Each structure stands twice: as C-alpha cells, then as structure tokens.
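Report on the structure given below.
The shown structure was predicted, so the numbers you read here are calculated from the model rather than taken from an experiment. Order of the sequence lines fixes the chain letters, A, B, ..., with proteins taken first and strands second; residue numbering starts at 1 for each chain.
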Amino acid sequence: MLDHCSISHRGGIVLWSRSFTPAAEQTASSSSSPVNSLIRDALIEGRNAENKYEKDGYAVKWTFVNNLELIFVVAYQRILQLTYVDELLEALKALFVQLFQPFLSTFVASLHVSSTGKVAAVNTATTWDFTKIFEKWDRLFDDVLRGLENKAAQERKSRLKHTSIHPETAIDTILPSDADDVVPSDSGATTVDEEQIARNVQALKNRLKARGRPIAGGRRRLEAGSGRDSLPTSDSDTPTKQKSKKSKTKAQRKWGDEAPTESDMASLDFSYVDVPSPNTPAKVADVTALVDQSSLGIVKDGIYEVKDWEFASTSESSSSVLTQALHKGKEEKSSAGLLSNVFARLTGSKVLTQDDLKPVLEGMKQHLMKKNVAKEIADKVCEGVSESLVGKKVGSFQSTSSAFRQALSSSLTQILTPKTSTDLLLSIRTKLSSHFPSSQQREPYSITFVGVNGVGKSTNLSKVCFWLVQNGLRVLIAACDTFRSGAVEQLRVHVRNLSMLGVGPNGATDSKGRVELYEKGYGKDAAGIAKEAISFARDNDFDVVLIDTAGRMQDNEPLMRALAKLVSTNNPDKILFVGEALVGNEAVDQLKKFDRALRDFSSASGTGKERGIDGMIVTKWDTVDDKVGAALSMTYVTGQPIVFVGCGQTYTDLRQLRVSNVVQAILSD
Amino acid sequence: MDPIITEEAVNHNVPTPEILSQAKVISSQTLLLVSLLLAVLLAVGFFAVRKRSQSKGSSLLLVGPSGGGKTAILSTLVYKRTLRTHSSMQTNMASIALPPSTKSLRIVDVPGHPRIFDQFREYMPDAKAVAFVVDASTISRNGAVVAEHLHRVLHVLISLPPSQSPPAFAIVAHKCDALKASASATAEQLAINRVRTVLERELDKRRTSHAGGVGVESLGGEGDEGTDLGGLECTGNGEFRFAEWEGGEVSFFGTSVAVGKAVPAEDEKGKDGLAPFREWLLEL
Ligand SMILES: Nc1nc2c(ncn2[C@@H]2O[C@H](COP(=O)(O)OP(=O)(O)OP(=O)(O)O)[C@@H](O)[C@H]2O)c(=O)[nH]1
Ligand SMILES: [Mg+2]
C-alpha cells in the first residue's frame with residue numbers, strides 16, 4: 001500500500017530506500033520524486049512542523065532523528081488514507097537507530113569534518129560497505145510493515161462492526177506513556193522464564209484450537225490478504241511464504257465487546273516472545289504483537305489477533321532487537337532522559353529536549369509576533385525550528401535559547417532567500433531579445449499589479465515605471481482599475497510627472513514618449529482593456545506594459561473571478577502582489593486567498609493555465625521601523641520572493657530587500 | 001600582515017651593517033652595489049612574506065544547482081561507492097586521502113537549492129579549489145538558471161580578498177553517461193562543449209543586460225546581495241568567454257558516476273568516470 005520509503009541523511013545521502021510500485025521506482029531517482037519534492041517545497045521552506053505534504057496524488061509523511069541528522073520518509077497514494085503511517089515511521093525510527101547507532105554516528109561524523117587531517121583516520125578505519133551493514137534491515141522492515149498493515153486491516157474491520165467502541169487515539173503514538181503500566185514485563189525477549197514459556201505454549205495451543213474451529217458468521221472472518229496483497233514488490237522475494245500464509249486461516253484469540261481480563265492481556269503480550277521449545281518448527285518474530293503492545297487501545301478491544309505465527313523469522317536477534325528497541329524508546333521517555341542529561345553534563349554537552357525547548361519556543365513566538373509576524377506563521381516557523389533541534393547535542397556553554405536563536409536565524413534566512421530570480425531587468429531584456437527576428441513583432445513584457453484596496457498599487461507601479469524608464473525602456477501603463485473613481489486620473493498625473501522626469505541614462509529623450517497611459521475610462525471590462533493595451537504596446541514599440549488593477553478583497557468572489565479572467569486572457573509575464581508592511585495576521589488570509597483564487601479561477605478558465613502570484617511588493621516599509629514581520633509572513637505563505645520594497649512617497653523610494661537585513665531586524669530585541 | 005612585513009624587513013636589515021663594516025674602503029661603486037643588493041634582498045623578503053601570509057585553503061568546494069550530482073560525486077570519492085541521493089538540506093564536509101601524498105583533502109558539498117546555495121560563501125576562505133557541478137544532460141533546458149548560479153560563484157571568486165590565493169576553478173559537466181557519444185567526439189567532450197556553449201551564451205546575456213542598467217538600491221546600504229553582480233569581466237572584445245575570463249583559468253571536465261554501484265578496484269582505473277577530475281585534484 002505504500003509507494004516509497006526511505007531513510008536518509010540530511011546531507012542527501014540515502015542509506016536505505018525501497019519503492020513498492022514500478023511507478024514509484026521510476027520516479028524515485030528523478031528530481032520530481034516525492035522525497036525530493038518534499039525537501040524542496042516543504043522542508044527547505046521551513047515547513048517541517050507540518051506533518052503531511054501532498055504532491056501529485058502522493059501523500060508524504062516524515063520524521064527526523066536530529067542527533068543523527070536522519071530523515072525517515074514514507075510516501076503513499078493520497079486516496080488511501082493509511083492510518084498506520086505515523087506508527088510505522090516511529091517504529092522504523094526507533095528500530096533503525098537502535099540497531100545501527102554506532103555505524104550511524106561514525107557516518108555522520110564523516111560528513112562533518114571541520115578541518116583536514118583529524119577525521120581522515122576515521123575514514124580509513126571504517127569500511128563503508130553500506131549494503132552489508134544494512135543487510136538485515138530489509139527483513140526487519142518487512143516485519144514491522146506487515147505487522148502494522150495487518151493491524152490496520154483488522155481495525156478497519158472492527159470499525160465497520162463496532163464503530164462505537166473503537167478508540168482511535170492510540171494510533172497516534174507508538175509508545176504511549178501508559179504502555180509501561182500494562183505491559184507486564186520489561187525484561188524484553190532476551191530472558192525467557194518458565195512462566196513465559198508456559199504462556200507461549202498456551203497461546204500456541206489456543207491458536208491452533210481456534211484455527212480448527214469453524215468460523216461462524218462473516219463478522220468474524222478476517223480478511224487474510226488485505227495487508228499482504230498490496231505489497232507486490234516487497235513480497236516478490238518470498239513467494240513461498242506468502243502462499244503458505246494464505247493457505248491458513250487466521251486465528252482468533254478472543255471475541256467480545258468487554259474489556260479483556262488481565263490474564264488475557266498477559267498472554268497476548270507475551271506471544272511475541274520466542275518459543276524455545278525444540279519441537280516448534282521455527283522461532284517467532286511476531287511483530288504484530290510487538291507493535292500492538294505499544295498501542296494497547298487496540299488490544300483492549302478484544303479483537304486483537306495474533307497472526308503470522310507461521311511467518312518464521314530466521315534470526316532470533318531480529319525479534320529481540322525489536323523488543324529492545326521499543327523498550328528502549330520507552331525508557332528514554334522516562335528515566336534515561338535524566339541519566340543521559342547527567343552524562344551529557346559530564347562530557348560537556350547536552351541534548352536538547354522538548355521540555356528544554358518549550359519555554360524558548362513560546363518566547364520566540366511572542367517575539368516574532370511583536371515584530372508583526374502573523375501568528376500562524378510565527379507558530380509554524382518556531383515549531384519547525386524546535387522540531388529540528390529536539391535531540392540535538394549542544395555545547396554545555398551554549399544556552400538553549402542561543403541555540404534556538406541561531407537555528408531560527410538560518411531558518412528565516414532560508415525562508416526569505418528567493419528561490420527564483422528576482423532580476424526583473426534581466427527577464428525583461430531576455431524576453432525582448434528573444435523575439436523572432438523574422439516578420440514577427442516583438443512582444444512587450446507585461447506585469448500585472450494586484451492587491452487589496454489602498455495598499456499603494458498605483459504609487460508603486462509608478463515607482464517601478466520610473467526605474468524601468470531609467471533603464472531606457474519604453475513603458476505603457478494600462479489603467480485597468482475601472483472601478484474606483486479617481487484611479488485613472490491618479491495614473492494620468494503619474495504619467496505626466498514621469499514623462500517629464502523620464503530621462504534615460506544617456507540623457508537623450510526619444511522623440512516618442514517614454515511613458516504613456518492607456519485608458520478607457522470606467523466601468524469597462526478590465527481584461528479587455530489590458531488586452532487592447534498589450535496589443536497597442538506591441539504596435540507602438542513599447543517594451544513593457546504595467547497593468548494596474550482595481551484593489552479587491554480576497555473574499556469577493558466576483559471580483560476575484562474578474563481578476564483571474566484578466567490574468568488568463570492576457571497571460572502577463574509577472575503577477576506582482578502589492579501588500580502593506582503594516583499588515584499583521586491578515587497577511588496570511590489575504591495572500592492565501594488571493595493566490596488560491598487566482599489559481600483556481602485561472603485554471604478553470606479558457607486557457608486552463610494555472611497562474612498564481614509570482615512575487616510581492618511590500619509597501620509602506622518606512623512606517624514599520626524594525627517590525628518587518630510582514631515580509632516573513634508573505635514569503636512564507638506564497639513561497640515567492642519580495643521583488644521590491646516601497647519606502648516613501650517619491651519615485652526613487654523603491655528598494656530591493658536584503659535578506660540579512662530583514663533577519664536582523666526580526667531577531668533584534 | 002603589516003607587522004609581519006616590518007619584522008621581516010628588520011631581519012633583512014640586520015646583516016647589512018656587517019657587510020658595510022667589512023668593506024673598509026667604501027667606494028661609491030660598492031655602495032651602489034650594496035644598496036642594490038639590499039633592495040633586492042628586501043624585495044625578495046617582502047614577497048616571501050606576502051606569499052606566506054596569503055592563505056591557501058585546504059578544501060575542495062562542490063557547488064552548483066540542485067540535482068547536478070555533487071553529493072553523488074562526494075559519495076564516490078569518500079565512500080568509494082555511489083550511494084543514492086536526494087536533494088541535500090545541509091552541507092556535507094568529508095575528507096578524502098589523496099593516495100600518493102599523505103595529505104588529505106576536505107570536500108565541501110553545498111546544497112544547490114536556491115534558498116541555501118549562498119552558504120558556499122562561508123567556505124570560500126578555506127577553498128583550495130572550487131568545482132561547479134552541472135548536469136550536462138539538462139543544461140540546454142536549464143541554461144538560464146544554471147547561469148545565474150554560476151554568475152554568483154564567479155562574482156565571489158573574482159572579489160576574493162587579495163590575502164587569499166585564488167582557488168583553482170573548474171566546471172564539471174556531470175552525468176556524461178546520459179549523453180550519447182558521436183562519431184567525432186566522446187560523450188565527455190560533447191558534454192563539455194555543450195555546457196561551455198550554453199553557459200557562455202547565458203552569461204553573456206546576463207552581462208549585456210546589466211551593462212548600462214540602473215539597479216535598484218538595496219535596503220540598508222550597499223551590499224552584493226542586490227542585482228548588481230559583477231564578475232563577468234573578460235579580456236578581449238567583451239563578449240563572455242571562459243578562456244578570457246579575468247578571474248583566472250577555468251578548467252572543464254566531463255564526468256559521470258554509476259549510481260548505486262561501488263567504485264571499481266584500482267586496477268580498472270580507466271573505467272572510473274571521475275578519473276580526469278581526480279587527476280586535477282591531485283595536481284592542486
Ligand atoms: N545518470 C547519472 N545520474 C547521476 C550521476 N550523478 C548523479 N546522478 C543522479 O542525479 C541525481 C542528483 O544527484 P545529487 O548528487 O543528489 O545532486 P546534488 O548536486 O547533490 O543536488 P543538491 O543536493 O540538491 O544540490 C541523483 O538522483 C543521482 O543519482 C551520473 O553521473 N549519471
Ligand atoms: Mg546534494
């Protein structure tokens with residue numbers, strides 16, 4: 001049911017991966033693979049606090065191990081609504097780290113050579129036979145996955161039957177804190193005392209008995225294949241096993257809607273312990289039980305079933321390692337945390353925990369909001385940073401808050417750094433020079449300015465115009481705000497000013513005007529005017545068309561539709577959103593809806609080409625001092641760069657954003 | 001640097017009185033000769049100091065757009081096998097031994113994602129060599145984007161402080177295995193030619209577009225984050241040519257690695273797609 005699963009280092013090296021379908025196999029190595037998309041569009045964008053990423057019909061989930069810099073990723077078809085993915089990730093994480101910890105530490109160290117010479121010794125001493133090292137992981141992975149899939153299949157069944165009693169909450173965590181109280185033994189599977197053996201034998205008997213019993217009523221029939229059939233590639237290497245499994249019916253331990261007794265639970269929980277009796281054909285790696293043990297809500301239903309008894313694991317260690325890993329995980333939550341802290345203090349470093357980070361995180365959120373970052377964004381960014389720090393070692397002299405600050409600073413830098421070129425002049429010149437030299441006329445470059453009311457669209461449009469004219473380009477302004485009275489006149493004033501100021505760098509004014517206004521009065525269709533303006537520009541040798549649109553609220557559907565129509569009929573080279581630096585929490589809603597509406601309506605319209613916002617102009621920058629949070633909110637929401645910043649009333653008050661400046665301003669006290 | 005120079009200069013001054021005292025009869029000719037010698041000595045000393053204080057880095061920097069194959073190359077060089085990779089989220093710094101010498105080289109692989117790409121500046125001071133890795137099989141499609149990255153690198157290279165000896169620079173046309181060799185040229189040559197042509201054209205576009213342009217000022221004063229990127233200066237008629245680039249020599253390599261495979265043993269050296277690149281590293 002999964003499509004792809006991978007375990008990798010943040011630096012890009014994949015330690016282990018598996019594709020479950022031919023299609024996934026094929027995309028796995030391309031740049032559009034779900035994992036690559038996740039990293040590119042979510043993780044590097046500082047969205048790692050969100051817990052799911054969707055792309056091309058895939059749903060992708062992930063988890064980090066920060067001290068080893070690992071990422072665990074699972075991708076599956078979005079429509080499948082797999083419930084066990086979180087559990088799977090947690091189980092894989094616990095197991096993998098437990099099993100390969102020493103190797104992983106060496107590996108990570110080999111990617112952090114601070115200066116030459118020193119670590120070279122480590123490099124030569126280790127043989128990097130990755131395939132050999134992770135050899136046994138394949139089987140373990142299968143065990144864990146199959147266990148969870150089977151369990152999920154049963155849950156689904158039981159949900160259909162007893163919807164009312166099914167607790168769903170247990171799925172979320174693989175190691176709930178109360179698991180300790182219920183699991184009768186913490187010795188793990190390594191020591192098997194007589195009592196346990198007896199229980200296991202009993203369990204086996206029960207199972208065999210159950211198997212012999214005719215199953216009454218469809219409600220008790222458990223789907224045998226649901227979990228396995230969907231694993232074509234993973235099972236292909238064990239066709240015989242699969243066949244043997246299928247030939248057997250499932251054993252049913254206990255039925256009933258009442259809670260199981262203590263002894264029932266005990267026997268269930270012990271069923272994973274290897275049975276050392278010589279006449280048992282093989283040892284048991286009953287992963288199902290293992291995993292269930294940790295989410296007892298399901299067991300309590302009394303519909304828990306031990307299966308795969310016959311699925312013999314060849315290695316004894318595999319099951320014991322599983323238990324150990326899970327036990328270890330539990331311990332770490334309680335006592336081991338303390339111990340490792342003491343140890344860390346002695347060795348001069350400490351490991352950051354969720355609890356350490358919590359107060360700092362809250363403080364930082366407040367700080368960001370004071371800087372006018374929208375609450376939603378402050379939350380997400382800070383949580384993302386915190387996520388990336390949990391489990392990390394920091395030097396004992398570095399306080400948690402300075403570690404947080406440092407991580408936040410680099411996260412902000414990443415979010416604010418444009419991922420697409422902001423070089424407007426270059427893209428204009430490239431377009432103008434790439435026209436066909438033959439009969440075809442030169443297409444002007446068109447930029448549409450959009451935004452809510454009163455943010456300074458027209459003013460900043462004229463600033464951009466002034467700058468373009470300075471660069472020797474001929475600009476036509478299209479007055480497509482046919483809505484607000486006075487809008488056209490305002491532009492007319494600007495054009496008059498600009499054509500007086502508009503002297504190119506070489507000092508010569510052309511005989512033809514450098515700036516002109518294309519206007520058709522009020523009340524007309526804006527999309528149509530824009531179209532005419534562009535063709536007028538084409539015929540009259542203008543280089544750039546700047547399209548002014550009416551301000552509109554993001555919720556106003558008819559107006560948003562009209563804007564989308566303007567966009568899709570004219571297909572401008574750039575759509576710039578103009579927003580105020582003063583905007584606080586509304587920034588998120590404004591931009592999200594603007595972008596969404598543009599995309600939805602433009603893709604639904606004639607050409608079907610989806611267009612969203614390509615960049616932003618943040619105005620009234622001079623009025624906010626160092627409360628520049630809006631810049632962060634806007635870039636975070638759209639993922640697009642801030643092309644210009646407006647910082648005053650004159651035509652020259654147009655600036656380019658400096659990322660380091662903004663980051664500094666946001667972090668400053 | 002200054003105190004070192006003066007110190008050295010003093011050192012060179014010390015022997016001169018002796019020379020003078022030994023020469024009992026001081027003819028004007030010998031005086032001239034001696035002072036000439038002194039001047040030469042001083043000059044030599046000065047250059048020696050200068051040379052010494054010019055820091056030489058010890059790292060190979062792998063830069064270039066995302067998906068170029070930097071991490072794959074790093075994996076091949078460091079672990080002797082080409083592990084699978086995905087987009088990097090953080091910089092890898094590993095060290096390799098260069099067989100004949102006992103010295104090791106640090107390899108720094110900076111992610112190519114545009115949001116983190118700029119971090120390569122941090123590692124510049126320690127760079128002994130910089131390799132710009134490009135996917136030769138997609139360069140025709142991605143020319144403009146690749147050129148923008150390259151432009152940033154060239155800009156930084158050309159504006160390094162004089163105290164640092166300029167790192168060697170190479171453009172690596174990677175993934176040659178994805179290209180078909182023609183009758184007249186090997187895949188490597190083809191890849192190099194294609195990468196060179198596309199990048200020269202795109203960089204020249206960038207150069208002309210900025211020539212005579214008025215940039216928009218950056219907030220908070222001057223800085224090189226703005227649109228005003230230099231670094232494309234060439235000798236000759238101004239058109240951008242790597243051969244005429246003012247920043248120094250640009251080497252080109254065609255390389256490839258076999259993803260998922262271990263590097264063949266030493267005796268089959270010819271098979272390794274990184275061979276020419278390795279040789280370059282050895283010569284550094
Ligand atoms: N065909 C072929 N594919 C290659 C070669 N080298 C790398 N690849 C593949 O190209 C993809 C990208 O390689 P990476 O090494 O991850 O690229 P990168 O430059 O590190 O990319 P970022 O980390 O995002 O900057 C991977 O899927 C590699 O397996 C090669 O020589 N030939
Ligand atoms: Mg990489």
Side-chain angles (χ1 to χ4, degrees), chain A residues 6 8 10-15 17 28-29 31 33 35-36 39-40 43-45 69 71 110-117 119-120 123-124 128-130 414-415 417-423 425-426 429-430 433 467 470-472 505-506 621 644-645 647 654-662, chain B residues 58-59 66-67 70-72 74-75 78-81 83-97 103-109 111 113-119 126 144-145 148 205-206 208-210 212-221 223 225-227 229 259-260 262:
Chain A
S6 78
S8 57
R10 290 174 64 96
I13 289 178
V14 177
L15 295 172
S17 71
S29 60
S31 72
S33 73
V35 181
N36 274 332
I39 291 167
R40 203 174 41 230
L43 301 186
I44 290 183
E45 310 270 313
E69 303 178 336
I71 327 164
S110 78
L111 291 172
H112 284 277
V113 181
S114 52
S115 62
T116 50
V119 189
N123 261 348
T124 44
W128 298 103
D129 198 343
F130 291 80
Q414 259 176 52
I415 295 168
T417 305
K419 65 177 172 191
T420 51
S421 172
T422 53
D423 194 339
L425 206 55
L426 175 70
R429 294 219 165 121
T430 307
S433 64
W467 171 67
Q470 289 285 298
N471 278 294
N506 27 18
W621 191 264
F644 295 117
V645 171
C647 58
L654 194 65
R655 296 283 182 278
Q656 204 140 43
L657 194 90
R658 274 190 81 193
V659 174
S660 53
N661 244 18
V662 178
Chain B
S58 54
S59 310
S66 192
K70 297 178 292 298
T71 311
L74 175 125
S75 156
V78 175
Y79 304 119
K80 310 283 185 292
R81 49 184 48 71
L83 300 166
R84 286 179 196 286
T85 57
H86 56 58
S87 264
S88 307
M89 296 162 66
Q90 69 178 34
T91 303
N92 295 312
M93 292 170 283
S95 85
I96 56 164
K103 278 200 75 181
S104 61
L105 178 72
R106 183 168 81 139
I107 304 187
V108 180
D109 156 32
H113 191 286
R115 292 208 202 266
I116 32 187
F117 175 68
D118 256 2
Q119 285 178 5
D126 189 42
V145 177
E148 183 176 356
K205 258 190 217 163
R206 296 184 70 83
T208 47
S209 120
H210 288 294
V214 183
V216 175
E217 220 177 296
S218 285
L219 269 176
E225 255 181 60
T227 42
L229 275 179
V259 180

Worksheet, complete the sentence: One should read off an interatomic distance between A:Asp129 CG and B:Lys80 NZ, to the nearest 0.5 angstrom, of 13.0 Å
Discussion item. Distance check, rounded to the nearest 0.5 Å: A:Lys419 atom NZ versus B:Ile116 atom CD1?
Written reply: 12.5 Å
Discussion item. Need one label for A:Ile415: side chain, backbone, both or neither, based on atoms under 4.5 Å from any heavy atom in chain B.
Written reply: backbone
Item to complete: Quick one: pull up OG in A:Ser110 and CD1 in B:Ile96 and give me the separation to the nearest 0.5 Å.
Response: 12.5 Å
Worksheet item: For the side-chain contact (heavy atoms from CB on, under 4.5 Å) test, which of A:Leu43, A:Ile39, A:Val35 pairs with B:Ser87?
Response: A:Ile39
Worksheet entry | Heavy-atom pair count under 4.5 Å with chain B, highest-scoring of A:Ile71, A:Leu426, A:Leu15 | A:Leu426
Discussion item. What's the separation between atom OG in A:Ser421 and atom CZ in B:Arg206, rounded to the nearest 0.5 Å?
Written reply: 6.0 Å
Worksheet item: At their closest point, which heavy atom of A:Leu111 faces which heavy atom of B:Ala94, and how far apart are they?
Response: CD2-CB, 4.3 Å
Discussion item. Applying side-chain contact (heavy atoms from CB on, under 4.5 Å) to A:Gln414 and B:Met89, what does each step give before you reach the verdict?
Written reply: CA-CA 11 Å; A:Gln414 259 176 52; B:Met89 296 162 66; over 6 Å; no
Practice prompt. Check whether any side-chain N or O of B:Arg106 sits under 3.5 Å from a backbone N or O of A:Val113 as a donor-acceptor pair, and report yes or no.
Written response: yes
Discussion item. Between B:Glu148 and chain A, with a heavy-atom cut-off of 4.5 Å, which part of the residue counts as in contact: side chain, backbone, both or neither?
Written reply: side chain
Fill in: B:His86 and A:Ser6: side chain donor to acceptor below 3.5 Å
no
Worksheet item: Between A:Thr420 and chain B, which part of the residue has a heavy atom less than 4.5 Å away: side chain, backbone, both or neither?
Response: neither
Item to complete: Among the options B:Asp126, B:Leu83, B:Val108, B:Thr71, pick out the one with the most heavy-atom pairs lying under 4.5 Å from chain A.
Response: B:Leu83
Discussion item. Looking at every heavy atom in both B:Ser75 and A:Ile13, which two are closest together, and how far apart are they?
Written reply: CB-CD1, 4.3 Å
Discussion item. Quick check: closest heavy atoms across A:Arg429 and B:Thr208, and the distance to 0.1 Å?
Written reply: NH1-O, 4.1 Å
Discussion item. Less than 4.5 Å to any heavy atom of chain B: does that hold for the side chain of A:Ser31, its backbone, both, or neither?
Written reply: neither
Worksheet entry | Proximity breakdown for B:Arg81 and chain A, heavy-atom pairs closer than 4.5 Å | side chain
Fill in: Minimum heavy-atom distance between A:Arg40 and B:His113, given as atom pair plus value
O-NE2, 3.3 Å
Practice prompt. Check each atom of B:Leu74 against the heavy atoms of chain A and say whether the ones under 4.5 Å are side chain, backbone, both or neither.
Written response: side chain
